[in-house]
Amino acid sequence: MAALRWLTPRKRSATARSVLAGEAAAEAALAAPAQEKDDRAGAPAFPVVGDPHAAAFFDLDNTVMQGAAIFHFGRGLYKRKFFQSRDLARFAWQQAYFRIAGSEDPEHMQEVRESALTIIKGHRVEELMSIGEEIYDEYMADKIWPGTRALAQAHLDAGQRVWLVTAAPVETATIIARRLGLTGALGTVAEHVDGVYTGRLVGEPLHGPSKAEAVKALAGAEGLELSRCAAYSDSSNDIPMLSLVGHPYAINPDTRLRKHAREKGWRLRDYRTGRKAAKIGIPAAAGVGAVAGGAAAAMALQRRRR
């Protein structure tokens with residue numbers, strides 16, 4: 001019965017913790033340094049050149065990158081002896097679960113989150129940032145979808161800002177954004193004291209409603225008008241974020257998002273091969289996304305609340 005319960009999609013609404021996670025992600029982002037045709041015929045030219053109030057928000061896992069960034073990051077940590085073979089086997093099972101279920105069970109994700117935080121507890125932020133640069137070259141660089149990368153570049157060429165929005169650690173997301181020439185990244189923020197991870201999150205993983213809260217917080221800080229902005233994702237978990245903007249795109253969509261997008265008249269693009277497109281998309285690994293994150297944002301939030 002537990003397995004069946006995992007396979008049942010659950011609706012989630014914004015909570016105080018998701019608002020906190022969104023605000024923390026926005027602060028961390030601000031502090032951090034041949035395509036398919038649209039399914040909707042006659043779509044106007046987009047993005048609009050020279051609009052200072054427009055930006056684009058891209059989900060990462062299976063939208064910009066094939067697979068889950070945190071899984072690739074975990075492979076790199078295993079290679080560097082951060083954890084043992086049994087932990088890698090557990091992460092592999094969790095990755096397989098995300099493929100099959102297409103949604104996250106709260107109790108299951110709590111277990112994933114706690115084990116991931118345990119792995120990085122006591123390590124320094126600068127250490128994982130340095131390792132993250134190496135892991136990007138080893139496991140991530142060749143996993144970027146060229147089609148989605150071209151979409152992001154079109155926004156940049158139009159003079160717009162482009163942000164990743166992901167449940168992956170904000171440090172990992174920031175590295176990927178910088179390597180791709182994007183403006184920055186919103187990601188899961190983990191607490192640290194004096195540059196050392198405590199094993200706790202600021203709020204919750206940046207997932208589902210938390211992503212929408214992060215985008216709203218960033219838009220307010222940057223003077224953006226969400227009706228002029230675009231958002232891109234593969235997962236129905238990101239419908240709250242996609243629904244915020246005037247130009248939502250379903251990229252390599254899972255079954256629920258494809259259905260929702262067609263009902264709403266959203267644009268659809270699929271850069272997978274026929275074989276890959278038949279598989280269930282990988283939702284953002286929200287629980288494991290707590291592996292690292294947002295030291296600067298955590299400190300900024302604490303100072304602001306004093």
Side-chain angles (χ1 to χ4, degrees), residues 22 25-33 35-36 38 43-66 69 132 136 140-141 143-189 206 210-235 238 240-253 266-269 271 284 289 294 297:
E27 289 210 34
L30 292 170
Q35 297 182 6
E36 275 191 35
D38 291 341
F46 188 78
V48 178
V49 176
D51 185 349
H53 301 291
F57 301 96
F58 283 79
D59 169 57
L60 178 58
D61 295 345
N62 226 36
T63 302
V64 171
M65 174 182 292
Q66 299 175 46
Y136 178 85
M140 300 181 185
K143 297 294 191 298
I144 304 299
W145 290 108
T148 313
R149 178 69 187 88
L151 287 174
Q153 189 61 49
H155 285 279
L156 294 170
D157 291 344
Q160 296 181 5
R161 287 157 285 184
V162 178
W163 301 85
L164 292 180
V165 188
T166 175
V170 69
E171 287 87 355
T172 300
T174 298
I175 290 169
I176 296 170
R178 180 168 48 76
R179 292 297 192 96
L180 296 179
L182 309 183
T183 307
L186 301 157
T188 295
V189 177
L206 198 69
S210 297
K211 283 190 178 182
E213 294 299 328
V215 168
K216 285 192 290 187
L218 185 67
E222 293 284 277
L224 302 173
E225 294 184 19
L226 289 172
S227 63
R228 301 185 186 184
C229 293
Y232 301 79
S233 179
D234 73 296
S235 174
D238 289 338
M241 177 180 74
L242 294 168
S243 300
L244 280 179
V245 301
H247 303 275
Y249 278 79
I251 304 293
N252 305 330
W266 293 354
R267 296 178 177 94
L268 286 158
R269 293 179 185 237
Y271 299 115

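What you see is a predicted model, and the numbers here were worked out from it, not measured in a lab. For this chain, numbers begin at 1 and follow the sequence in order. Atom set for the values below is all heavy atoms of this structure, side chains included, hydrogens, waters and symmetry mates excluded.
- Of the candidates F57, F58, W163, F58 is the only one forming a ring pair (Phe, Tyr, Trp, His ring centres under 6.0 Å) with Y232.
- Annotation: side chain of T172 is in contact with side chain of M140 (closest heavy-atom distance under 4.5 Å).
- Of all heavy-atom pairs spanning L60 and A69, the tightest one is CD2-CB, 3.6 Å.
- For the pair H155 (side chain) and A55 (backbone), a donor-acceptor distance under 3.5 Å is absent.
- Counting only distance, with no hydrogens or angles, the side chain of S227 and the backbone of G246 share no donor-acceptor pair below 3.5 Å.
- Using modelled atom types, one side-chain atom of N252 and one backbone atom of N62 make a donor-acceptor pair closer than 3.5 Å.
- R161 places a side-chain N or O within donor-acceptor distance of the main-chain N or O of P52, the cut-off being under 3.5 Å.
- Using a 4.5 Å cut-off on side-chain heavy atoms (C-beta onward), I251 and L151 make contact.
- A distance of 10.0 Å separates CD1 of I176 from CG of L182, quoted to the nearest 0.5 Å.
- Summarising the geometry of L156 relative to G181, their closest heavy-atom pair is CD1-O, 3.5 Å, with the distance given to 0.1 Å.
- Considering OH of Y271 and CZ of R149, their distance stands at 12.5 Å, rounded to 0.5 Å.
- The backbone N or O of D59 sits nowhere less than 3.5 Å from a side-chain atom of S233 that would complete a donor-acceptor pair.
- A pairwise comparison of heavy atoms in H53 and G223 identifies ND1-O, 3.0 Å as the closest pair.
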For V64 and L180: C-alpha separation, side-chain torsions, deciding distance, then whether side chain to side chain contact (heavy atoms under 4.5 Å, CB included) applies. CA-CA 10 Å; V64 171; L180 296 179; 3.9 Å; yes
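- Going from atom CG of L164 over to atom CD1 of I175 covers 12.0 Å, rounded to the nearest 0.5 Å.
- Between the T166 side chain and the G187 main chain, no donor and acceptor come within less than 3.5 Å of each other.
- Atoms CG and CZ, on D51 and R228 in that order, are 4.5 Å from each other to the nearest 0.5 Å.
- In terms of modelled atom types and a separation under 3.5 Å, the side chain of T174 and the main chain of A185 share no donor-acceptor contact.
- Judged by distance alone, with hydrogens and angles left aside, the side-chain atoms of R179 form no donor-acceptor pair with the main-chain N or O of A141 at under 3.5 Å.
- In plain terms, the two heavy atoms of L224 and C229 that are nearest each other are CB-SG, 4.2 Å.
- Between the side chain of K211 and the backbone N or O of V165, at least one donor-acceptor pair lies under 3.5 Å.
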